[in-house]
Amino acid sequence: MEKVSVLISEEEVNKRIREMAEEINKDYKGCKCLKLIGILKGSVFFMTELAKHVTVPVKLDFMSVSSYQDGTESTGTVKIVKDLDEPIKGDDILVVEDIIDSGNTLSYLLKMFEERKPNSIKLCTLLDKPERRKVDVKVDYEGFKIPDKFVVGYGLDYAQRYRNLPYIGVIDFIDE
């Protein structure tokens with residue numbers, strides 16, 4: 001059985017997303033089109049809310065990868081479940097992630113994206129767990145640094161549950 005307690009409120013999350021969008025708007029002012037690439041499934045809530053506040057023209061694309069299966073620890077093996085629908089050559093891309101912990105998945109994806117020759121690549125994450133970092137990844141836009149706890153809500157899940165919580169919660173497992 002699990003118990004979820006609030007780590008970051010819905011209001012705090014929404015405020016920070018608006019602030020991040022303002023930073024992106026400044027950095028990409030004059031950009032003809034910014035392609036947001038969401039890493040499924042966790043980034044959907046964050047990316048759609050972020051996109052609402054980005055004022056430069058945007059296109060959306062998604063990639064689905066897996067390194068967790070149904071557990072709470074990354075397996076370390078990145079499996080591409082769904083690739084991008086469109087090429088990114090010559091595009092300005094912003095990779096949008098729900099959370100970065102070990103950095104393994106993002107490091108793998110960023111190298112793969114670089115090989116596809118976009119004009120620029122930046123990384124945006126709602127949550128960052130630097131304590132768990134195994135591979136260095138440069139985060140350009142960061143929502144919140146969080147402690148090494150298993151979190152759910154706002155797109156993040158445990159075994160496909162809790163994604164729809166409007167806040168970031170810490171999950172505790174209770175023995176019955």
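Owing to the predicted nature of the structure, the values given are computational and were not obtained by experimental measurement.
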Can you name the nearest heavy-atom pair linking Cys33 to Val58, along with the distance? SG-C, 4.0 Å

Not counting sequence neighbours, which residues clear salt bridge (Lys or Arg N to Asp or Glu O under 4.0 Å) with Asp91? List them please. Lys35

To the nearest 0.5 Å, what is the distance between CD1 on Ile168 and OH on Tyr154? 8.0 Å

Which residue, Val44, Val96, Leu84, forms the side-chain contact (heavy atoms from CB on, under 4.5 Å) with Phe62? Val44

Interatomic distance, Leu106 atom CG to Lys111 atom NZ [nearest 0.5 angstrom]: 11.5 Å

At their closest point, which heavy atom of Ile93 faces which heavy atom of Tyr28, and how far apart are they? O-OH, 4.1 Å

Is any side-chain heavy atom of Glu22 less than 4.5 Å from a side-chain heavy atom of His53? no

Output all residues satisfying side-chain hydrogen bond (donor to acceptor under 3.5 Å, both in side chains) with Lys82, sequence neighbours left out; order by chain, then residue number. Asp85

Side chains of Asp27 and Tyr141 only: does a donor on one sit below 3.5 Å from an acceptor on the other? yes

Tell me, please, which residues at least two apart from Thr55 pass side chain to side chain contact (heavy atoms under 4.5 Å, CB included). Asn25

Compare all side-chain heavy atoms of Asp172 with those of Val4 and state whether any distance is below 4.5 angstrom. no

Is it the case that the side chain of Arg163 and the backbone of Gly155 share a donor-acceptor pair, with hydrogens and angles ignored and the cut-off at 3.5 Å? yes

According to salt bridge (Lys or Arg N to Asp or Glu O under 4.0 Å), does anything in residues 37-51 pair up with another residue at least two apart or in another chain? List the pairs. Glu49-Lys52

Distance flag, aromatic centroids of Tyr158 and Phe173, threshold under 6.0 Å: yes

Would you name the heavy atoms of Asn164 and Phe45 that are closest together and state the gap between them? CA-CZ, 4.0 Å

Ile17 CD1 to Met47 CE distance, which is reported to the nearest 0.5 Å: 12.5 Å

Any idea which heavy atoms bring Leu94 and Cys124 closest together, and the distance? CD1-CB, 3.8 Å

Return the CD to CD distance between Glu12 and Glu10, rounded to the nearest 0.5 Å. 11.0 Å

Which residues satisfy the side-chain hydrogen bond (donor to acceptor under 3.5 Å, both in side chains) test with Arg18, sequence neighbours excluded? none

Sorted by chain and residue number, the side chain to side chain contact (heavy atoms under 4.5 Å, CB included) partners of Val135 (sequence neighbours excluded) come out as Asn104, Ser107

Could you pull out all residues at least two apart from Asp140 that satisfy side chain to side chain contact (heavy atoms under 4.5 Å, CB included)? Lys122, Leu123, Lys138

Spacing of Cys31 atom SG and Ile24 atom CD1 [to the nearest 0.5 Å]: 11.5 Å

Those residues at least two apart in sequence (or on a different chain) that pass side chain to side chain contact (heavy atoms under 4.5 Å, CB included) with Glu114 are Ile121

Do you know the tightest heavy-atom contact between Ala51 and Leu60? CB-CD2, 4.4 Å

Could you tell me if the side chain of Ile171 sits less than 4.5 Å from the side chain of Lys3, heavy atoms only? no

When Thr105, Leu126, Val139 are each screened for side-chain contact (heavy atoms from CB on, under 4.5 Å) with Ile100, the one that passes is Val139

Stepwise side chain to side chain contact (heavy atoms under 4.5 Å, CB included) test for Met63 and Val95: CA-CA 10 Å; Met63 177 171 267; Val95 179; over 6 Å; no

To the closest 0.5 Å, what do you measure between CD (Glu97) and CG (Asp101)? 9.0 Å

Qualifying residues under salt bridge (Lys or Arg N to Asp or Glu O under 4.0 Å), relative to Asp136, sequence neighbours excluded: none

Is the shortest distance from a Lys or Arg side-chain nitrogen in Arg16 or Glu19 to a carboxylate oxygen in the other one below 4.0 Å? yes

Examine distances only and state if a side-chain atom of Thr125 and a backbone atom of Asp128 form a donor-acceptor pair shorter than 3.5 Å. no

Taken in chain and number order and not counting sequence neighbours, the residues that satisfy side-chain hydrogen bond (donor to acceptor under 3.5 Å, both in side chains) with Ser120 are Asp92

Can you give me the closest heavy-atom contact between Asp61 and Glu86, atom names plus distance? OD2-N, 3.1 Å

Any donor-acceptor N or O pair under 3.5 Å, side chains Asn14, Tyr167: no

Salt bridge (Lys or Arg N to Asp or Glu O under 4.0 Å) filter on Asp83, not counting sequence neighbours, yields Arg116

Quiz: residues 143-151 side-chain donor-acceptor pairs under 3.5 angstrom, not counting sequence neighbours:
{"residue": "Lys145", "atom": "NZ", "partner": "Glu142", "partner atom": "OE1", "Å": "3.0"}
{"residue": "Lys145", "atom": "NZ", "partner": "Glu142", "partner atom": "OE2", "Å": "3.2"}

